Amino acid sequence: MSACVPTRTDSKRTQRIHRPHSPPSTPPRRFRIAGADVSAAIAVFLIALPLSLGIALATGAPLQAGLVAAAVGGIVAGRIGGSPLQVSGPAAGLTVVTADLIQRYGWRTTCAITVLAGLAQLGLGCLRVARTALAVSPAIVHGMLAGIGVTIAVAQLHIVLGGTPQSSVLANLRALPAQLAGLDPAAVAVSAMTLTLLLLWPRVPGRAGRLLRRVPAALIAVSGATAAAALAGLVLPKVDLPSWRSHALAGLPQGPTLGLVAAVLTTTLVCSVQSLLGAVAVDKLIATRPRGSARVGRSDLDRELLGQGAANIVSGTLGGLPVAGVAVRSSANVQSGAVSRNSTMLHGVLVVVAALLMVPILELIPLASLAALVMAVGIQMVSLHHIRTVTRHREALVYAVTTLGVVFLGVLEGVTLGIAVAVAVALHRLTRTRITHDEKEGVHHVHVRGQLTFLAVPRLSRALHHVPQGSHVVVELDGSFMDHAAYEALQDWQKTHTAQGGTVDLTGRRISTGTDPGAADPGATGTGADTSTGTDAHADTPSAPHTVHPTRRLGSARAECQCRPWTPWRNHRCEVPRPAPTASASGQHPGRHPDRQPGQHPDRHRDGHGDAPRPTEAGQTTDPSVLTPLGGTSVPPAPLGGRQLVHGITAFQRNTAPLVRGELARLAREGQRPTQLFLTCADSRLVTSMITSSGPGDLFVVRNVGNLVPPPGEESGDDSVAAAIEYAVDVLHVRSITVCGHSGCGAMQALLQSDPGQTQTPLRRWLRLGVPSLERMADHRRPWPRLAGRAAADAVEQLCLTNVVQQLEHLRAHESVARALRSGELELHGLYFHVGEAQAYLLQGQDEGVVFDHVGAVDLTA
């Protein structure tokens, strides 16, 4: 720690001393289940019980098989699996597969296929290929689930109407008119009541509704329909649970070998993909839980595959349905506040208890009520959100083909068709490249739309061949990929064209080269100068030639930033051509800038909307607009700022505006509805949208020097911050306010170095609002805020941390904030961003032990 860092001693801290040879005794470990796990297990059990019976009914399996699968999925997969909060059991996505297997091979062989599928999952888990399953296109997965949902809904509709489902979707559709003509009024009434309760229960209003909604809608729907049928004395087919003594277990598989292999592969595929995607979705749900919730580790997908395989082996052996991760139960588990895998396992134990002790109650449930419940689940599997998503990504064809294939051919056949169509669409996009050439005002424009591969090289060469020698050409690359063959063809043509006196501008991608003529000798007066910017770390292609003006000298080269807006941040540097001052002119080594250390590039820092000169250690700016010719004579600086502004706006209109126009149009119609007020410093290095991964309409941002919040009554005529706070809380109804400080804050440095006798300028009058932060840091009765794992690096960083805590206190003094805090409609957050580390620290705790802790990374892979 440097000498300028204030040190503190805490006399209250005492060392803990143990007598030698007498280590402290450790109490015996006791198995304890958190209260949150108990309540979550009960909620999941109440959902799982009717759904397990309904899915067993839909597959044509013994109804007890659903209970076996639910119990085994909870206990075995919950204990061994790699996703602590994912709940496994009989899944609706397996209904069609299982029903087809039972019809073809019988129940005992279906159980044997389940066991073999579990063994296959164990093998895949040992090979650690779980991540590979996530490479399947989401359009195929969503299409498969939609096809299964349609099949379930059509089949269960016959039971809802009082009949019996047929063997296929086409047969069910053909039999539907006759079924409608001879429907059973009692079955229809019970089914309608089930669907009504299922739809209306989550929409019960008021405070009573919030309490009632804690009971699962599925349980209320089935219980209500069962009670109504019993009170009305309706005669309907009901659940029939035979004695456990006659329960059928797995037998040796019987049937054609190829058919059995296909059945095992289909079951393995559907179980694995659904479980792995469910584990990823559970991680995302856990990440969205409010701050302060218990931390749960991220899913280990390979271990999850092992857990699912073990569960299928046990379930098939005991005569249960195939097991997979279930989205509905997993969501209920997370939202109920579960903190460990104990909730999943306890839910399985409760299913076992119900299967043994609640048989008389379960046998009162009408089959029509269970069919209505499963039909509603099938309809929900056809998600409009998924349809909009695949349409936006131009994968509607893959989705439609997969859905229709699953409905009319089967799950394995439909998925195979979907994969084939997805590959064909990808190849079509790769080969579909449009190249146009036109002339406007003497400038030839060659526009390349799509991926530029070797297949498009002949058409590209043909278009470039029509460009006259010595002309000015603009080549616009509107694609995300260029292979080596296309790159070489474009580079060779560019060299030839510039050698013949022409000029070339390449736009659309950040591209560069180090092979242009004259690059080796900056002082050469021949054909051109190197304006390369290096290789972009995020480019998908080799660096391509940059803009070249062969007739210009270095002193008059273009100084604009050539990067496109909103490009990736990592390794994003814009290098502007600058001549090296001579030794005689600068007094330093030739080629070294007076403000720059050896090896440092003249890079410029992007703030997301434009470029600003980067400050040096001395507070100067390495402004590239000041160019010095090789002779050492100064020339007037060019209006670089204006050119950068125009260039940035032009690039935004051409590249970014088409991508965000729809979203901005929606915001223009609906108005802004931000969820957060983000109050931070005006420092150009803080990009709020980058730190918070937010977009237009997400944040209401207030920036000022030092991220200060004037206390009420001390604004001295400057009410801007207070007005913004009042507007955000009372008008926009934001849910949270964040005060964000940062490392190396110039305002905090100025506060530490302030002299009361200095002339009061507007800046110094504003910074007086930070004096309470100085006083707080000097008060030894208050603990200093610290970063997780270390103390503050110096006094400036300590003041930056203290200032965030102090400004939160100022914020609580505002009437609108205090009122919203009392009603529970608002929460406050403190944030510290270390610029050099690109690390955000979130304030944890209050008063004693105030710590800025690391913000954990969230897995966004889908």
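Source: prediction; values computed, not measured.
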Closest heavy-atom pair and its distance - Ala91, Ile55: C-CD1, 3.8 Å
Contact summary for Ala48 and His347, nearest pair of heavy atoms: CB-NE2, 3.8 Å
For the residue pair [X] and [Y], establish whether any side-chain heavy-atom pair is separated by less than 4.5 Å.
| X | Y | value |
| --- | --- | --- |
| Leu101 | Thr114 | no |
| Tyr399 | His142 | yes |
| Arg329 | Leu51 | yes |
| Thr344 | Gln86 | no |
| Val160 | Val188 | no |
| Leu219 | Leu49 | no |
| Val398 | Val390 | no |

[Y] backbone acceptor or donor facing [X] side chain under 3.5 Å:
| X | Y | value |
| --- | --- | --- |
| Trp201 | Leu212 | yes |
| Ser343 | Ser340 | yes |
| Ser336 | Ala338 | no |

CA sep, side-chain torsions, deciding dist, call: Leu122, Leu306, side chain to side chain contact (heavy atoms under 4.5 Å, CB included): CA-CA 5 Å; Leu122 285 180; Leu306 293 174; 4.0 Å; yes
Rounded distance (nearest 0.5 Å) linking atom CG of Leu183 with atom OG of Ser191: 10.5 Å
